[in-house]
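Shown next, in structure tokens, is the structure this report addresses.
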Amino acid sequence: MGWLDNDVALVTGGGSGIGLAVVRRFLAEGARGVGVLLRDQRQAGALQEEFGERVCPVIGDVRVYADHERAVNATVAAYGKLDTLVGNAGVWDFFSSLVKTEPDALAASFDEIFDVNVKGYLLAARAAAAELRKSNGSMIFTLSNASFYAGGGGPVYVASKHAAVGLIKQLAYELAPHVRVNGVAPGGTATPLKGPAALGKQDARLSNIPGFEQAVADAVPLAFMAQPEDHTGHYVLLASRANSRATTAAILQSDGGWEVRGRQKK
């Protein structure tokens, strides 16, 4: 028996990183099935090879409402309902600074990053809201330590993640009492999180930055860089009606203690 027995979820950006880890954990916790909205056909094939009919991949772009709608409809058609939406797809700006970024690139990166990190969540919520009302379900959005503190990216990324905090709170207000809306805020994590094409970073990956793992470990009290699986219990907890029925507008921080920065010298 798991915490999510017979539940059905939809995860955006569920082909790699934290999203893929959430898909695996939800299924391990007894979920009936998980829909996945993603852009990479190879990742979709890998999901189906690993999980068979327990996953329902949909190829699409989180910036396009019709793609979210297709993902919701496909998930409900496959499994009969929708209990949890996990908005997870994101893009990072690789610490691109204000003064070192040309104005045109800065403006273009704002459009791209906010389109994915904020509008993508907003559109996912709109597409899933009706089905989640039917099931008295929940939404969970992936945030970041950059949702609360400086230093987790450049100004555009940090602003986008701060904006997502406001989105969670407003959606929790608007969708109550039928739908709970919460978030998980990981810190530095070993994932293939990509950069924006507007900055020429579309082929870059966070996990490939030289020295990044040690830098993260040195910056937090718990002294290690998280793996995607380290965060998944928070998603399970928030999705579980038995364990989080009274929780909405909450954000669980899973960042190694970023708020207190560094470790006490022994």
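Heads up: numbering here begins at 1 and tracks the sequence.
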Q: Might you point out which heavy atoms bring I59 and A44 nearest each other, and give the distance in Å?
A: CD1-CB, 3.9 Å
**Q.** Backbone of R70 reached by a side-chain donor or acceptor of N73 within 3.5 Å
**A.** no
Q. What about V181 and V86, same hydrophobic cluster or not, with Ile/Leu/Val/Met/Phe/Trp/Tyr joined at side-chain heavy-atom distances under 4.5 Å?
A. no
Q. For R39 and R63, which heavy atoms make the closest approach, and how far apart are they?
A. NH1-NH2, 3.2 Å
**Q.** Within one Ile-Leu-Val-Met-Phe-Trp-Tyr cluster: I140 and V72, side-chain cutoff 4.5 Å
**A.** no
**Q.** Step-by-step side-chain contact (heavy atoms from CB on, under 4.5 Å) determination, V34 to R54
**A.** CA-CA 6 Å; V34 179; R54 298 184 71 198; over 6 Å; no
Q) Roughly how far, to the nearest 0.5 Å, is CG of D115 from CG of L122? A) 11.0 Å
Q.
The test is side-chain contact (heavy atoms from CB on, under 4.5 Å); show your working for L175 and R133 and say whether it passes.
A. CA-CA 8 Å; L175 298 178; R133 283 195 182 103; 3.4 Å; yes
Q) Do the side chains of R126 and Y65 get nearer than 4.5 Å, heavy atoms only? A) yes
Q | Check ion pair D83-R32 (N to O, under 4.0 angstrom) | A | no
Q: Check F114 against V156 and note the closest heavy-atom contact, atom names and distance.
A: CE1-O, 3.6 Å
Q. Below 4.5 Å, heavy atoms only, C-beta onward: do P228 and T189 meet side chain to side chain?
A. yes
Q: Look up atom NZ in K201 and atom CG in L193, then write down how far apart they are to the nearest 0.5 Å.
A: 13.0 Å
(Q) Within the structure provided, determine whether R241 and D7 are in side-chain contact (heavy-atom separation under 4.5 Å). (A) yes
Q) Where do V58 and D67 land on the side-chain contact (heavy atoms from CB on, under 4.5 Å) test, with the steps shown first? A) CA-CA 8 Å; V58 176; D67 290 349; over 6 Å; no
Q: Taking the side chain as every heavy atom from C-beta outward, state whether F51 and V23 have any atom pair closer than 4.5 Å.
A: yes
Q: Starting at OG1 of T232, measure out to CZ of R25 and round the result to the nearest 0.5 Å.
A: 4.5 Å
Q: Measure the spacing between OG1 of T191 and NE2 of H231 and express it to the nearest 0.5 Å.
A: 8.5 Å
Q | Y235 reachable from L47 in the ILVMFWY side-chain graph, under 4.5 Å edges | A | yes
Q: Kindly compute the distance separating CZ (R42) from CD (E49), expressed to the nearest 0.5 Å.
A: 14.0 Å
Q) Nearest heavy-atom pair of G188 and M225: which atoms, and what distance? A) O-CG, 3.7 Å
Q: State whether a side-chain donor-acceptor pair under 3.5 Å links T142 with Y121.
A: no
Q) Is the count of non-hydrogen atoms from other residues, nucleotides or ligands lying under 6.0 Å from K169 atom NZ greater than 12? A) no
Q. Is a donor on one side and an acceptor on the other found under 3.5 Å between the side chain of S147 and the backbone of K161?
A. yes
Q: Using atom types as modelled and distance alone, determine if a side-chain donor or acceptor of T101 lies under 3.5 Å from a backbone N or O of S97.
A: yes
Q.
With heavy-atom distances below 4.5 Å as the criterion, would you say the side chains of F26 and V22 are in contact?
A. yes
Q. Is there a donor-acceptor pair under 3.5 Å between the side chain of E131 and the backbone N or O of L82?
A. no
(Q) So does A249 get a backbone contact from the side chain of N182, meaning a donor-acceptor N/O pair under 3.5 Å? (A) yes
**Q.** Under 3.5 Å: donor-acceptor pair, side chain of D93, backbone of I113
**A.** no
Q) With under 30° as parallel and over 60° as perpendicular, where do the rings of F95 and W92 fit, or are they tilted in between? A) perpendicular
(Q) Using the rule that Ile, Leu, Val, Met, Phe, Trp and Tyr join whenever any side-chain heavy atoms are under 4.5 Å apart, tell me whether V158 and L167 fall into a single cluster. (A) no
Q) Side-chain contact, heavy-atom cut-off 4.5 Å: L199 with F94? A) no
**Q.** E259 atom CD, neighbour heavy-atom count above 12 within 6.0 Å
**A.** no
Q) Can you tell if the side chain of L123 reaches within under 4.5 Å of the side chain of V62, non-hydrogen atoms only? A) no
(Q) Checking S144 against Y157 for the side-chain contact (heavy atoms from CB on, under 4.5 Å) test, could you report, in this order, the C-alpha distance in whole Å, the side-chain angles of both residues, the deciding distance, and whether it holds? (A) CA-CA 10 Å; S144 166; Y157 177 78; 3.5 Å; yes
**Q.** Side-chain heavy atoms of L38 within contact of P57, under 4.5 Å
**A.** yes
Q. Do side-chain atoms of R180 reach the backbone of S244 as a donor and acceptor pair under 3.5 angstrom?
A. yes
Q) In Å and rounded to the nearest 0.5 Å, what is the NZ to OG distance from K81 to S135? A) 7.0 Å
Q) Applying the 4.5 Å side-chain criterion to the ILVMFWY set and letting contacts propagate, would V179 and I168 be lumped into a single cluster? A) yes
**Q.** N/O donor-acceptor pair under 3.5 Å between N117 side chain and V91 backbone
**A.** yes
Q. Taking all non-hydrogen atoms of both residues, which atom of A105 and which atom of A198 are closest, and how far apart?
A. CB-O, 4.1 Å
Q.
If we ignore hydrogens and angles and just use 3.5 Å, is the side chain of T12 paired with the main-chain N or O of L37 as donor and acceptor?
A. no
Q) What are the two closest non-hydrogen atoms of Q202 and A197, and how far apart are they? A) OE1-CA, 3.3 Å
Q) Can any side-chain N or O of S240 pair as donor or acceptor with the backbone N or O of L237 at less than 3.5 Å? A) no
